[in-house]
Amino acid sequence: MTAERLTKLEALGFVWQVHKSQWETRFVEFQNFHRQHGHPYVPINYAKNKKLATWVKHQRRNYRKLCRGQPSTMTLDHMERLQASGFEW
């Protein structure tokens, strides 16, 4: 891919790292939920934002895997940011 094409795609807001972008989006949604509701407990069946509910479930699952020494997508950075935001495992 040419440098010109890269520049054009970036100018259009092309997302190169989709997983990272989605994680950041859900993290902000979690912070907003926590702020709005006064607690970090997103219900499993949270109808207002099912993607957030699923994301929270996956964060907990990946944290448990990490603690057991199993392969996990949980990173130290994500874990620290979640803990600093009041996330409950």
Side-chain angles (χ1 to χ4, degrees):
M1 185 174 303
T2 66
E4 180 183 354
R5 182 170 275 180
L6 285 171
T7 302
K8 286 181 180 181
L9 286 170
E10 288 176 354
L12 292 171
F14 188 83
V15 177
W16 297 102
Q17 296 178 332
V18 175
H19 180 73
K20 182 178 179 179
S21 175
Q22 290 174 344
W23 194 94
E24 294 296 334
T25 297
R26 298 293 166 259
F27 181 68
V28 170
E29 290 173 355
F30 167 73
Q31 290 177 311
N32 291 336
F33 176 92
H34 191 181
R35 194 170 20 262
Q36 290 171 354
H37 297 277
H39 63 80
Y41 308 108
V42 179
I44 289 175
N45 57 352
Y46 187 49
K48 289 184 180 180
N49 191 337
K50 292 180 182 182
K51 288 182 179 182
L52 176 61
T54 300
W55 180 84
V56 166
K57 179 176 69 174
H58 288 184
Q59 299 313 300
R60 290 188 177 119
R61 180 186 310 145
N62 283 313
Y63 176 76
R64 286 192 303 271
K65 286 181 174 182
L66 182 68
C67 290
R68 292 182 199 137
Q70 298 173 335
S72 171
T73 59
M74 178 63 64
T75 66
L76 182 58
D77 176 60
H78 288 176
M79 186 173 65
E80 289 173 348
R81 290 175 63 195
L82 286 165
Q83 287 176 333
S85 294
F87 192 87
E88 293 288 332
W89 303 106

Asker: With sequence neighbours left out, write down each residue that passes side-chain hydrogen bond (donor to acceptor under 3.5 Å, both in side chains) with E88, or none if nothing qualifies.
Answerer: none
Asker: Output the distance between atom SG (C67) and atom CE (M74), rounded to the nearest 0.5 Å.
Answerer: 9.0 Å
Asker: Kindly indicate, with the supporting measurements, whether the criterion side chain to side chain contact (heavy atoms under 4.5 Å, CB included) is fulfilled by W23 and Q59.
Answerer: CA-CA 10 Å; W23 194 94; Q59 299 313 300; 3.0 Å; yes
Asker: Applying ring-ring contact (aromatic ring centres under 6.0 Å, His included), can you list everything that pairs with F87, at least two apart in sequence or on another chain?
Answerer: F30, W89
Asker: Partners of Q31 by side chain to side chain contact (heavy atoms under 4.5 Å, CB included), sequence neighbours excluded?
Answerer: F27, V28, R35, S85
Asker: Kindly list each side-chain donor-acceptor pair under 3.5 angstrom involving residues 38-52, sequence neighbours excluded, with atom names and distances?
Answerer:
{"from": "H39", "atom 1": "ND1", "to": "Y41", "atom 2": "N", "distance (Å)": "3.1"}
{"from": "N49", "atom 1": "OD1", "to": "K51", "atom 2": "N", "distance (Å)": "3.4"}
{"from": "N49", "atom 1": "OD1", "to": "L52", "atom 2": "N", "distance (Å)": "2.9"}
{"from": "N49", "atom 1": "ND2", "to": "E29", "atom 2": "OE1", "distance (Å)": "3.0"}

Asker: Return each pair, listed once, that meets salt bridge (Lys or Arg N to Asp or Glu O under 4.0 Å) where at least one residue sits in residues 58-71; pairs must be two or more places apart or across chains.
Answerer: none
Asker: With salt bridge (Lys or Arg N to Asp or Glu O under 4.0 Å) as the rule and sequence neighbours excluded, what pairs involving residues 72-85 come up?
Answerer: E24-R81, D77-R81
